[in-house]
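Numbers for residues simply follow the sequence, beginning at 1. Just so you know, ligand 1 is whichever comes first in the structure, and atom 1 is the first atom listed for that ligand.
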Amino acid sequence: MSQPNRQAAVVLRDLVKEYVDPNGEIVTAVNSINLTIYDEEFFSLLGPSGCGKTTTLRMIAGLEIPTRGSITLFDEDVTDRPAYKRPVNTVFQRYALFPHMNVRDNVSFGLRMQRVPKSEIDDRVQEVLRLVRLERMGDRRPSQLSGGQQQRVALARALVNNPEVLLLDEPLGALDLKLRQAMQEELKRIQREVGICFIYVTHDQEEALTMSDRIAVMNEGNILQVDTPYDLYEEPKTRFVADFIGETNFLVGTVLENDPELTHVRLDSDQIAHVTNEGKHYPVGERVTLAIRPEKIFLGAGTPPDVRNVFTGTVRNIVYFGTDTYYDVELPGGVRITARQQNQDYTGTAAVVAVNDAVYVAWRSHNASLLTE
Ligand SMILES: Nc1ncnc2c1ncn2[C@@H]1O[C@H](COP(=O)(O)OP(=O)(O)OP(=O)(O)O)[C@@H](O)[C@H]1O
Ligand SMILES: [Mg+2]
């Protein structure tokens with residue numbers, strides 16, 4: 001992963017955006033968020049529809065006026081500065097190229113409006129078309145390009161202004177899966193090559209995980225967690241984040257006692273689970289939720305592995321996914337748990353375990369997270 005330098009590119013302080021809807025009621029789209037995004041960083045705002053991602057991005061761009069709070073770009077307070085005076089550019093999902101202009105004219109449009117000398121325009125357009133790998137397409141019109149190529153034109157049009165921060169609002173949403181994956185790699189390459197801060201809005205967790213240096217997970221106008229993809233996935237701090245990023249089993253219970261390294265939890269289904277606590281002790285009697293990723297669970301019919309958490313259950317469903325197989329296991333007390341096994345050799349577990357078989361499910365203490373909300 002690239003090491004972003006530590007100069008703050010964007011700082012949001014107690015930023016709030018309220019709208020008044022047609023009934024006169026106040027809608028809090030962004031609820032007092034604080035965030036520092038660094039120069040050269042690929043940063044994503046991730047969250048479900050309506051959580052405030054676009055509103056946050058539009059406030060950074062200057063297209064929306066904050067209700068309260070401040071926005072700083074490279075140490076300068078720009079809260080009251082109009083969009084065109086901010087060193088940022090935005091790429092939208094509906095990229096709205098001019099249909100009657102060729103690629104070169106679409107890209108150079110802004111520079112021509114600013115009356116940049118023609119020789120400089122030509123150089124900059126050539127350079128940016130090379131960057132997005134469209135140097136041979138300059139004479140084509142948008143209708144003569146594929147969706148991915150049109151998206152590259154939109155990107156070139158934003159980058160040709162040499163912004164210090166590029167804002168991208170679900171720019172790949174209109175593309176099909178394969179093309180989107182190819183463009184994700186392209187965007188990463190382009191970001192590394194131009195070396196500026198990209199702030200990328202998406203509701204697609206996989207997209208955010210694969211592209212970002214860091215991610216802010218948002219819900220209902222709040223930022224719940226800001227972390228690297230690895231830490232978000234391995235150490236979710238809330239049930240929402242554990243659920244939104246990847247797949248997770250949740251087991252609810254009550255804290256029984258704490259050792260120096262392990263917290264013991266009596267699950268509502270009456271089994272005792274053991275979780276690494278990294279020195280953090282939970283009050284005895286506190287209600288907690290254990291989060292365990294399906295792929296961290298061992299499952300089988302024979303002798304279980306030598307780990308702290310071993311439960312027996314009954315297989316209720318098996319779903320073959322090609323690369324993986326999912327086993328839905330019922331524990332005593334009716335709690336369901338999903339285990340996921342990679343089909344490295346489809347003669348292993350899958351061949352010997354069938355629906356209604358008794359199996360063990362087992363996991364290491366450090367592979368579960370303890371959540372308190
Ligand atoms: N002009 C507006 N007037 C009233 N409410 C608005 C307005 N614009 C946005 N909202 C509301 O603010 C909230 C946040 O909207 P926003 O567009 O930022 O969400 P989002 O995270 O970008 O969602 P999506 O993933 O669907 O694009 C939503 O509840 C939305 O209905
Ligand atoms: Mg949006």
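At a heavy-atom cutoff of 4.0 Å, ligand 1 is contacted by the side chain of Glu170 but not by its backbone. Both the backbone and the side chain of Thr55 come within 4.0 Å of ligand 1, judged by heavy-atom distances.
Nearest protein heavy-atom contact of atom 4 (C) of ligand 1 is Tyr19 CB, 3.3 Å. The protein non-hydrogen atom at the shortest distance from atom 25 (O) of ligand 1 is Lys53 NZ, 2.8 Å. The protein atom (non-hydrogen) at minimum distance from atom 26 (O) of ligand 1 is Ser49 OG, 2.5 Å.
Within the 4.0 angstrom cut-off, atom 6 (C) of ligand 1 has one or more protein heavy-atom neighbours. Atom 29 (O) of ligand 1 is flagged as protein-proximal [any protein heavy atom, distance under 4.0 Å].
When side chains are defined from C-beta on, Val226 counts as touching Arg214, because their heavy atoms get closer than 4.5 Å. Tyr200 has its side chain within reach of Glu207: a pair of non-hydrogen atoms, C-beta onward, lies under 4.5 Å apart.
Considering each of Cys51, Ala29, Gly173, Gly221, the one bringing a non-hydrogen atom nearest atom 12 (O) of ligand 1 is Ala29.
Closest approach of Pro48 to Asn219, counting heavy atoms only: CG-OD1, 3.6 Å. In terms of heavy-atom proximity, Ala354 sits nearest to Val315 at O-CB, 3.7 Å.
Taking any N or O of Gly47, backbone or side chain, none lies under 3.5 Å from an N or O belonging to ligand 1. In terms of N/O distances under 3.5 Å, ligand 1 is approached by Gly50.
At least one N/O/S atom of Thr54, whether from backbone or side chain, sits less than 2.8 Å from the Mg ion (ligand 2).
Neither side chain, Thr248 nor Asp243, offers a donor N or O lying under 3.5 Å from an acceptor on the other. Between the side chains of Arg287 and Thr254, at least one donor N or O lies within less than 3.5 Å of an accepting N or O. Counted by atom type alone, Asp14 and Asn34 present one or more donor-acceptor pairs between their side chains at under 3.5 Å. A donor atom on one side chain and an acceptor atom on the other are not found under 3.5 Å apart for Asp77 and Ser70. Side-chain contact of Arg293 with Asn249: a donor-acceptor pair under 3.5 Å is absent, judged by distance alone.
For ligand 1, the atoms sitting less than 4.0 Å from at least one non-hydrogen atom of Thr54 are 17 (O), 18 (O), 20 (P), 22 (O), 27 (O), numbered in the order shown with element in parentheses. Numbered from 1 in the order shown, with element, the atoms of ligand 1 that lie under 4.0 Å from a heavy atom of Gly52 read 14 (C), 18 (O), 19 (O), 20 (P), 21 (O).
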